[in-house]
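A short worksheet on the structure shown next.
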Amino acid sequence: MKKYIIAVVVLAINSLSFSQNPYDLWLQYDKIEEQNVLNSYKNTISNVFLDLNSPTGTVIEEEIKKSFKGLLDIEPKFDAKTPNLIITTLDKLDPSIKQKLPEISKINDEGYLIQHIPEKKNSKIIISAKTEKGLLYGVFNFIKQIQLRNDLSEIAIYDSPKIQKRLLNHWDNLDRSVERGYAGFSIWDWYLLPELIKQEYIDYARANASIGINGTVLTNVNSNALVLSPRYIQKLKALADVFRPYGIQVYLTARFSAPIETDDLETADPLNADVRQWWKNKAKEIYAEIPDFGGFLVKANSEGQPGPNNYGRSHVDGANMLAEAVAPYDGIIMWRAFVYSEEKPEDRAKQAYSEFKPFDGKFKDNVLVQVKNGAIDFQPREPFHPLFGAMPNTPLMMEFQITQEYLGGMSHLVFLPQLFEEVLEEDTYTQGKGSTVAKIIDGQLSTKKLTGMAGVANIGTAKNWTGHPFGQANWYGFGRLAWDPETSAETIAKDWLKMTFTNNSNFVDPMTKLLLESREAVVNYMTPLGLHHIMAAGHHQGPGPWVKDMPRPDWTSVYYHKADANGIGFDRTSSGSNALAQYAPEIQKKYSDPATTPDKYLLWFHHLPWDYKMKSGETLWYEIAAHYQKGVEQVEDMQKTWQKMQEYVNPQVFEKTNMLLNIQLKEAKQWRNACLLYFQQFSNMDFPDFIPEMTKDLNDYKSLKLPYAPGISPSWN
Ligand code: BDP
């Protein structure tokens, strides 16, 4: 009892010195404690001039007030006669000031500048942009500079987003379940909309604007036609009105068979005149209420969803029909390339490319083809999708998954910007050396200039939005990369840690290391050396290398690892499925030989004997075991680092993360043990000495059931 009381007292004292309210995400505005830093900011920026008279202007004003009150403990007035901080759009700037902004011509409509202008008496900082939306982004970056304690005396930032459509994709259903969601229910309270506007909607918009996200697809790709009904359009309008001042457009998923499901028509054939008119009318109806509606995201002829193929028509026919309907209003169609047919025995990794490449250049100008980062499905590691670079005459939009469907769901700490960065940096060689995925999706290597990046959201009703406290970093990091796909994961990690927790380097340095290693850890303990899709079926949590006998072979694990007495791995070279032929010759050459294939993709492209000699000199079996073991040890290291961070972190976040790391370690060990025991049946080789003695046998792991594991949506039932 006594011990308990002491613990409670300690918690109470600790929590006094921390606000760090997880609900506020990375927008923590705690007062600057370093007196000299505080004073220097106060002296440089306390006299503000701001005269924006619009909803976005009000948002900007509120944000300046909130951040100045919090960080600097001052209440700025906005009409200073001799201002030292001027916040206004370029058209309102004095020409004499404009002259002093060297790179003004570089910024685009969503870009901004923050420039210090030194003067003898009245030095000042200018935050300006072509549009108020750009200005809002500039203001958020300016506040970030203060959060990061950066010196403002020579500040000169000229920044513009490199990608136009920076969207979250919510896989949220109208009943508020979230497909692959691990953070509670959907934040969209459809039932009480449009009357009830939750504070969360406003705070959601604010958080997204702070990282440059400018659109949100509100509904699941496995979609429901009901959302297109007049009643729901009113609900959608209410959300659009909340988001607009934050520069965020709303989008919906379109169920291809909607004309039938609404009982209006008997077909959804995209070449049928009535169907085409139906979609035009629907677009007109939506745009009458929401003039800046963004457009539709479509999953068609994939995993049972209806689509143009049902009528013998192509993806181009389907996409272009919808594109025509939204074109008069500047709407776009994001047509997903995540397709794999039930009939085709072809390697699933090849199918999207086979189907879509011939369509290059055939889509209307307002269509983007949305491609997942890899050819299978958001695995802990996949080589980049071969469509990147293969369709230079089609805007390709990147689809990343922020929610951790295959990366430990609700309980594993994995810093995904590392994964995203790896994909974006990959060289496709499709237009010579340096044709990185980033340069393809930002339009540099495309003849089309429409660009986009989507992230499947990890947001729900959880009090901290994302469930796992570190899930916030992945939302944040996605936004940063959508703004500039060449941002480094390290910069993102550092900024997020400082903004969310503290600038103290005793915290930031070890935690940056932890974040950057966390992704490799999960690859090691789940799917090392190019293994993939060997998780449990359905909910996708935990190991399941034994999964077979599913409705389709490419939903099983045995299809992907192909372990047998001869070895393990998927031969995707010319002696196997030849998926490799979908990549540029430079990659083909390198990856066709296991000796020159990077270890991380080895078993993705090759089936190799268990005693295959690896670059390390050890056998393949030894290296598989070593990677699984390393993954477990990396989680142990994460725990050790975290233990030292207590004094910097809100006690509740500290404890929660502690407990989650314990779960992560338990599950990492399960992955290691289950996979090694399973594969040993085929390798018939002993475990290397460093593998701890197994206390359970394979059947124990096989019989582990996880009823009610979250994330399975009714759309699958
Ligand atoms: C898979 C998910 C499934 C999604 C599908 C998709 O398991 O829930 O519906 O992708 O992206 O990863 O359409």
Side-chain angles (χ1 to χ4, degrees), residues 167-175 177-183 186 217-224 251-257 296-307 309 315 318 334-342 348-349 351-352 355-356 368-382 385 387 396-410 414 416 419 423 453-458 460 478 526-527 532-542 544 547 550-552 554-557 559-560 706 709-717:
L167 310 193
L168 288 181
N169 285 185
H170 287 264
W171 285 0
D172 293 18
N173 299 309
L174 300 185
D175 67 0
S177 59
V178 182
E179 180 147 353
R180 311 308 177 185
Y182 311 103
S186 167
V217 184
L218 300 170
T219 46
N220 190 357
V221 284
N222 298 317
S223 77
N224 184 334
Y251 298 75
L252 288 178
T253 47
R255 187 156 171 90
F256 204 76
S257 51
F296 294 115
L297 167 65
V298 190
K299 172 176 178 177
N301 295 118
S302 162
E303 298 182 333
Q305 294 299 306
N309 296 171
H315 286 284
M334 294 159 289
W335 193 268
R336 294 176 90 222
F338 180 65
V339 296
Y340 54 104
S341 140
E342 246 154 284
R348 176 169 154 191
Q351 294 186 30
E355 177 116 27
F356 275 80
L368 291 125
V369 172
Q370 184 166 313
V371 186
K372 288 190 182 182
N373 61 272
I376 297 296
D377 195 8
F378 299 137
Q379 296 302 294
R381 171 168 280 136
E382 294 188 40
H385 200 300
L387 274 175
L396 294 189
M397 181 159 178
M398 171 63 78
E399 178 175 319
F400 284 127
Q401 194 181 45
I402 311 171
T403 191
Q404 292 172 231
E405 175 179 358
Y406 296 100
L407 290 107
M410 47 265 120
V414 185
L416 293 176
L419 185 166
V423 176
M453 193 193 283
V456 180
N458 61 347
F478 167 77
M526 286 187 183
T527 50
H532 51 287
H533 207 293
I534 56 170
M535 66 290 151
H539 51 65
H540 296 166
Q541 304 305 312
V547 173
M550 294 283 288
R552 19 184 327 155
D554 51 12
W555 284 358
T556 70
S557 301
Y559 172 89
Y560 293 100
L706 302 174
I712 302 204
S713 105
S715 58
W716 283 95
N717 295 328

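All ligand and atom numbering here is 1-based and tracks the order in the structure.
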Do E405 and W171 have side chains that get closer than 4.5 Å, going by heavy atoms?
yes
Answer yes or no: is there a donor N or O on one side and an acceptor on the other, between the side chain of [X] and the main chain of [Y], under 3.5 Å?
{"X": "Y251", "Y": "M334", "answer": "no"}
{"X": "D554", "Y": "R348", "answer": "no"}
{"X": "T219", "Y": "L252", "answer": "no"}

Considering all heavy atoms, the nearest G538-I712 contact:
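So the two residues come closest at C-CD1, 3.7 Å.
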Atoms of ligand 1, numbered as shown, that sit under 4.0 Å from any heavy atom of [X]:
{"X": "Y406", "result": "7 (O), 12 (O)"}
{"X": "E179", "result": "3 (C), 4 (C), 8 (O), 9 (O)"}
{"X": "F338", "result": "5 (C), 6 (C), 10 (O), 11 (O), 13 (O)"}
{"X": "E405", "result": "1 (C), 2 (C), 7 (O), 12 (O)"}
{"X": "K372", "result": "1 (C), 5 (C), 6 (C), 10 (O), 11 (O), 12 (O)"}
{"X": "D377", "result": "1 (C), 10 (O), 12 (O)"}

_Residues which pass side chain to side chain donor-acceptor pair (under 3.5 Å) with H539, listed by chain and number, not counting sequence neighbours_ =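 Here no residue qualifies.
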For ligand 1, which part of [X] has a heavy atom less than 4.0 Å away: the side chain, the backbone, both, or neither?
{"X": "W555", "value": "neither"}
{"X": "N222", "value": "side chain"}
{"X": "Q401", "value": "neither"}

Does ligand 1 have any atom sitting under 4.0 Å from a heavy atom of H540? yes
Query raised in the report: Would Y340 and E303 count as having a side-chain donor-acceptor pair, cut-off 3.5 Å?
Result: yes
Hey, does W171 come in under 3.5 Å of ligand 1, counting only N/O atoms on both sides?
-> no
Margin query: Checking side chain to side chain donor-acceptor pair (under 3.5 Å) between Q305 and each of R336, K299, R255, which is the one that passes?
Written below: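 Only one of R336, K299, R255 forms a side chain to side chain donor-acceptor pair (under 3.5 Å) with Q305, namely R255.
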